[in-house]
Amino acid sequence: MNYWLMKSEPNAFSIDDLEKMPQQTEHWDGVRNYQARNMMRDQMKLGDQVFFYHSNCDTPGIVGLMEVVRESYPDHTAFDPESKYFDPKSSPEKPRWFMVDIKYTRHTRRVLSLAELKAQELLENMPLVRKGNRLSIMPVAKDEWDYILRLEGQE
DNA sequence: GCCAACGTTGGC
DNA sequence: GCCAACGTTGGC
């Protein structure tokens, strides 16, 4: 099993929005970065566990847990000229962009802020806390995953 | 293939 | 709102 972290701006789509979706499930569309796409397309598997991260907000940080419930398939928003994610270079015959389906598991008991994560020596190798990293999807090592869940239990 | 210009991300 | 860090684009 793999572990991941996925970012979303809560203004656009928050953990609360995900919880309210039918089946508490939504497709993770709009990824337009090749590195992120490749991980999603090639490595995200059914049952993989995912941290939901709120970016570009008052307190950026991990706010919940989710699970991959459908492996990658073409991102149809790329085919829609009305969509802000439209990409004329992607077509149903030759899709360029992909998405997975994600299901809500739970909120974390508290927000694990970026500031708190940055203060953890054991997390210093996470791309998340490294300067200039802009990946919207990134792998999380199992020991990092476990460490963060233990951190959640502390006040 | 190089690289300047430009656009985006995202913390602060 | 600012700006650093990147990624992408396109002229040459």
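Chain identifiers are assigned alphabetically (A, B, ...) following the order of the sequence lines, protein sequences preceding nucleic acid strands; residue numbering begins at 1 within each chain. Hydrogens, waters and symmetry mates are skipped; everything else that's a heavy atom, side chains included, is used.
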A/Tyr53 side chain near B/dT9 phosphate (N/O to OP1/OP2, under 4.0 Å):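 The answer is no; no side-chain N or O of A/Tyr53 sits under 4.0 Å from OP1 or OP2.
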
Any A/Lys118 side-chain nitrogen or oxygen under 4.0 Å from OP1 or OP2 of B/dC12: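 Yes, such a contact exists.
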
For atom [atom1] of [X] and atom [atom2] of [N], their distance in whole Å:
{"X": "A/Leu128", "N": "B/dG11", "atom1": "CG", "atom2": "C1'", "value": "11 Å"}
{"X": "A/Trp97", "N": "C/dG7", "atom1": "CH2", "atom2": "C1'", "value": "11 Å"}
{"X": "A/Lys131", "N": "B/dC12", "atom1": "NZ", "atom2": "P", "value": "11 Å"}
{"X": "A/Tyr85", "N": "B/dT9", "atom1": "OH", "atom2": "C1'", "value": "12 Å"}
{"X": "A/Gln35", "N": "C/dC6", "atom1": "CD", "atom2": "P", "value": "11 Å"}
{"X": "A/Tyr34", "N": "C/dT9", "atom1": "OH", "atom2": "C1'", "value": "11 Å"}
{"X": "A/Leu135", "N": "C/dT8", "atom1": "CG", "atom2": "P", "value": "11 Å"}
{"X": "A/Met138", "N": "B/dT9", "atom1": "CE", "atom2": "P", "value": "14 Å"}

Any donor-acceptor N or O pair under 3.5 Å, side chains A/His107, A/Asp16: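 Result is yes, a qualifying pair exists.
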
Shortest side-chain distance from A/Asn33, nucleotide among C/dG7, B/dG10, C/dC6: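 For A/Asn33, the side-chain atoms sit closest to C/dG7.
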
Candidate nucleotides C/dT9, C/dG7, B/dC12, ranked by approach to the side chain of A/Leu114 - the nearest: B/dC12

Electrostatic pair A/Glu116-A/Arg110, nearest N-O below 4.0 angstrom: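 The answer is yes: the pair qualifies as a salt bridge.
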
Parallel, tilted or perpendicular, as decided by the 30° and 60° cut-offs, for the rings of A/Phe13 and A/Trp28: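 Plane angle over 60°, so perpendicular.
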
Atom pairs and distances, donor-acceptor, side-chain atoms in residues 82-92 of chain A, under 3.5 Å, two or more places apart:
unit_1	atom_1	unit_2	atom_2	d
A/Ser83	OG	A/Tyr85	N	2.9
A/Asp87	OD1	A/Lys89	N	2.8
A/Asp87	OD2	A/Trp97	NE1	2.8
A/Ser90	OG	A/Arg96	N	2.8
A/Ser91	OG	A/Lys94	N	3.0

Contact nearer the 5' end of DNA chain C, comparing A/Asn56 with A/Gly132: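 So the residue in question is A/Asn56.
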
